[in-house]
Amino acid sequence: MKRPIRVFKFGGASLKNADAVRNVTEILKRYADEQLLIVVSAMGKTTNALEVVAASHAAQDGKAFDVLNEIKQQHYEIIGELFGDQAQETIVSVNDAFVEVEWVLEEEPYENYDYMYDQIVSVGEIVSSKIVSAYLAHAGLPTQWLDARDIILTDNIYREGWVQWEETQHRALQTAKPMLEKGGFVLTQGFIGSTSENFTTTLGREGSDYTAAIFSFCLDAEDMTIWKDVPGVLTADPRVFENVTKLDRLSYREAIEMTYYGAKVIHPKTIKPLQNKSIPLLVKSFINPDGAGTYISDEVEDNYPPMVAIEGDQALLNISTRDFSFVAEQHIRELFNIIAELRIQVNMMQNSAISFSLSVNDIDDKVDQFAERVQEQYKVTIDRGLELITIRHFKKDILDSLRRGKIILLEERIKNTTLQMVVKDVPVMRRKPGALPD
Ligand code: ADP
Ligand code: ASP
Ligand code: MG
């Protein structure tokens with residue numbers, strides 16, 4: 001009988017230095033007999049640094065090569081530590097990838113920033129995957145390197161490519177499956193795809209989880225595991241909250257609701273492909289691989305503890321008609337056509353007779369573009385720098401504690417399960433020590 005295909009994803013934190021790569025290798029040794037497709041992200045914070053390279057090149061501020069050289073150096077150091085005197089082959093192949101970025105930097109910045117961004121930023125995943133696959137082979141785990149761009153076909157919206165599912169599935173079955181059947185691991189990149197003209201695209205920041213789900217769907221995986229620096233999905237982000245607890249099991253529905261509204265532990269697009277084929281998702285710790293992690297599946301469990309997700313960078317738009325006409329279907333259609341065109345994520349909305357409020361993710365200059373497009377017909381006010389707090393299965397004491405010190409600009413309850421609020425901090429006035437009025 002054929003062994004089932006399993007998909008693993010390792011993110012930047014699990015590959016941040018040579019020790020981290022060794023740790024991942026130790027984890028993978030436990031799965032040496034499995035048919036395993038491994039998806040890796042760029043190492044550590046490489047993508048952030050590559051974003052600086054792209055922005056510097058666009059601004060022509062003379063810093064792009066310096067930042068790129070720093071990134072190259074970090075990678076060569078990791079290769080040196082991992083391979084010792086057998087580093088040459090990997091250095092050459094990683095250097096080939098960086099040279100392609102240097103070619104972009106030697107030219108004038110392209111007019112299409114998003115296109116240029118993808119050509120530069122994608123190198124993080126390419127070099128990471130080359131290093132990890134070479135190291136696995138070096139450590140006695142035969143591994144084939146697969147270029148995800150040969151499988152994942154997207155449209156040509158750069159920085160947010162949309163997957164063309166039929167062709168992607170066809171290619172996965174034609175190319176990736178036979179590689180897996182040959183035996184050994186197959187290792188590929190998260191986050192990247194390509195257009196029908198073979199230009200590299202990216203799927204949106206943090207998109208490697210999504211890549212793993214695309215492969216899982218296309219290959220009918222038995223299950224998918226994402227390896228994180230936390231024990232599993234927790235009731236809130238442990239960087240922001242104390243007293244968080246791990247959820248042992250979660251339904252797809254809970255997972256999608258929480259991640260859509262900012263629980264950063266899983267990319268929100270990850271759940272749908274898995275749910276569509278009932279493929280369970282495990283979130284496990286690369287620090288404690290023996291831990292059970294969180295198991296996300298179809299199973300419905302209605303006894304969840306309160307869970308909190310916080311999405312920063314919210315803009316609250318208040319849109320009202322200039323002539324006091326009602327904000328009715330025709331207006332809403334017009335406004336939403338523009339929102340869809342600009343691919344703005346709307347998190348909350350409320351309308352009254354002549355006005356409409358929207359809380360949206362304030363990314364790039366999309367909100368300004370929106371305001372510009374509608375201002376002739378509507379009066380638009382924008383409040384920026386806000387937070388969206390989403391609480392599922394809320395309890396009064398949790399609500400009270402989250403509201404403390406905040407001004408609530410918009411709030412909504414959805415049945416008894418969800419409460420959302422858009423908030424900003426109450427401005428604090430502090431007395432100068434010892435100062436008294438005359
Ligand atoms: P990756 O290395 O795969 O990119 P991320 O850093 O993107 O991983 O995601 C893991 C981080 O997500 C954790 O370190 C944690 O701070 C954060 N996080 C946010 N919300 C949650 C949550 N509800 N449960 C667990 N982790 C969370
Ligand atoms: N490296 C990409 C990013 O940092 C994709 C990912 O890590 O999931 O956004
Ligand atoms: Mg990440």
Side-chain angles (χ1 to χ4, degrees), residues 8-17 20-21 23-24 38-52 54 71 117-118 120-129 132 148 152 159-161 188-193 200-214 224-248 250 254-270 281-288 291 293-294 296 304-312 363 389-393:
F8 280 8
K9 179 257 168 172
F10 291 96
S14 67
L15 302 167
K16 66 175 186 230
N17 54 32
V21 175
N23 175 54
V24 164
I38 304 160
V39 174
V40 296
S41 309
M43 297 178 141
K45 302 274 178 222
T46 303
T47 307
N48 292 355
L50 286 164
E51 282 191 336
V52 175
I71 298 169
Y117 173 104
D118 281 358
I120 293 173
V121 164
S122 53
V123 77
E125 266 65 17
I126 298 292
V127 294
S128 161
S129 64
V132 179
I152 296 181
R159 289 180 74 180
E160 211 193 321
T188 194
Q189 311 77 38
F191 184 49
I192 64 175
T200 303
T201 48
T202 61
L203 308 178
R205 285 301 308 265
E206 303 293 330
S208 296
D209 295 344
Y210 181 41
T211 301
I214 297 166
M224 168 174 148
T225 306
I226 51 180
W227 296 87
K228 300 271 171 181
D229 60 356
V230 281
V233 179
L234 306 167
T235 47
D237 188 342
R239 285 173 301 192
V240 184
F241 289 92
E242 291 165 356
N243 310 331
V244 293
T245 51
K246 180 176 78 79
L247 298 146
D248 296 335
L250 209 55
E254 283 301 322
I256 210 163
E257 292 282 357
M258 291 309 290
T259 56
Y260 185 78
Y261 292 116
K264 296 272 181 285
V265 62
I266 308 168
H267 189 281
K269 282 185 171 175
T270 310
L281 170 62
L282 283 107
V283 181
K284 280 173 68 90
S285 161
F286 62 78
I287 299 160
N288 174 23
T294 300
I296 303 169
Y304 292 107
M307 298 180 229
V308 182
I310 297 190
E311 184 82 275
I363 295 172
I389 305 182
T390 302
I391 312 142
R392 287 186 61 81
H393 314 288

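Side chains included, hydrogens not; waters and symmetry mates left out as well; all remaining heavy atoms used. As the structure lists them, so they are numbered: ligands from 1, and atoms in each ligand from 1.
- Using a 4.0 angstrom heavy-atom cutoff, Gly12 counts as in contact with ligand 1.
- Phe10 has its side chain out of reach of Val132: every pair of non-hydrogen atoms, C-beta onward, lies at least 4.5 Å apart.
- Side-chain contact check for Lys264 versus Glu206: every heavy-atom pair is 4.5 Å or farther apart.
- Of all the atoms in ligand 2, the ones that sit under 4.0 Å from a non-hydrogen atom of Ser41 are 6 (C), 7 (O), 8 (O).
- Here's the thing with Asp229: one of its N/O atoms is less than 3.5 angstrom from an N/O atom of ligand 1.
- Considering CD1 of Ile296 and CG of Asp248, their distance stands at 12.0 Å, rounded to 0.5 Å.
- Side-chain N or O atoms of Thr225 include none that pairs as donor or acceptor with a backbone N or O of Leu282 at under 3.5 Å.
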Could you please spell out the steps behind the side-chain contact (heavy atoms from CB on, under 4.5 Å) verdict for Ile310 and Phe241?
CA-CA 11 Å; Ile310 297 190; Phe241 289 92; 3.7 Å; yes
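- Surrounding NZ of Lys246 are more than 12 heavy atoms belonging to other residues, nucleotides or ligands, all under 6.0 Å away.
- The protein non-hydrogen atom at the shortest distance from atom 7 (O) of ligand 1 is Glu206 OE1, 3.2 Å.
- When non-hydrogen atoms are compared, ligand 2 lies under 4.0 Å from the backbone of Ser208 as well as from its side chain.
- Heavy-atom contacts of Glu125 reach the following atoms of ligand 2: 1 (N), 2 (C), 5 (C) (cutoff under 4.0 Å).
- Under a 4.0 Å N-O distance rule, the pair Asp209/Lys228 qualifies as a salt bridge.
- For the pair Lys9 and ligand 2, the shortest N or O to N or O distance does not fall below 3.5 Å.
- Taking distance alone, with nitrogen or oxygen atoms compared against 3.5 Å, Lys9 approaches ligand 1 more closely than that limit.
- Looking at Arg239 next to ligand 1, an N or O pair under 3.5 Å apart turns up.
- Closest protein heavy atom to atom 15 (C) of ligand 1: Asp237 OD1, 3.5 Å.
- In terms of polar-atom proximity, defined here as any N/O pair under 3.5 Å, Leu234 does make such a contact with ligand 1.
- The closest approach of Glu206 to the Mg ion (ligand 3), by N/O/S atoms, is made by OE1.
- Between the NZ atom in Lys9 and the OG1 atom in Thr270 there is a gap of 8.0 Å [rounded to 0.5 Å].
- At a heavy-atom cutoff of 4.0 Å, ligand 1 is contacted by the backbone of Ala236 but not by its side chain.
- In terms of protein heavy-atom proximity, atom 27 (C) of ligand 1 is nearest to Val265 CB, 3.5 Å.
- Atoms of ligand 1 lying under 4.0 Å from any heavy atom of Gly11, numbered from 1 in the order shown and given with element: 1 (P), 2 (O), 3 (O).
- Contact analysis puts Gly207 in contact with ligand 2, with a non-hydrogen atom separation below 4.0 angstrom.
- When the heavy atoms of Gly232, Ala263, Gly44 are ranked by distance to atom 25 (C) of ligand 1, first place goes to Gly232.
- Residue contacts to the Mg ion (ligand 3): Asp209 brings no N, O or S atom closer than 2.8 Å.
- Atom 3 (C) of ligand 2 has its closest protein heavy atom at Arg205 NE, 3.3 Å.
- Contacts between Met307 and ligand 1, counted as non-hydrogen atom pairs separated by less than 4.0 Å, are absent for every part of the residue.
- For atom 2 (O) of ligand 1, the closest non-hydrogen atom of the protein is Ala13 N, 3.4 Å.
- Counting only N and O atoms by type, the side chains of Asp118 and Thr202 include a donor and acceptor under 3.5 Å apart.
- Note that the CG atom of Asp229 and the CG atom of Asn288 stand 12.5 Å from one another [nearest 0.5 Å].
- For the pair Thr211 (side chain) and Phe191 (backbone), a donor-acceptor distance under 3.5 Å is present.
- For ligand 1, one of its N or O atoms has an N or O atom of Lys228 under 3.5 Å away.
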Apply side-chain contact (heavy atoms from CB on, under 4.5 Å) to the pair Ile152 and Gln189, showing each step before the final yes or no.
CA-CA 10 Å; Ile152 296 181; Gln189 311 77 38; over 6 Å; no
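- With rounding to the nearest 0.5 angstrom, the CG atom of Leu234 is 12.0 Å from the CG atom of Asn243.
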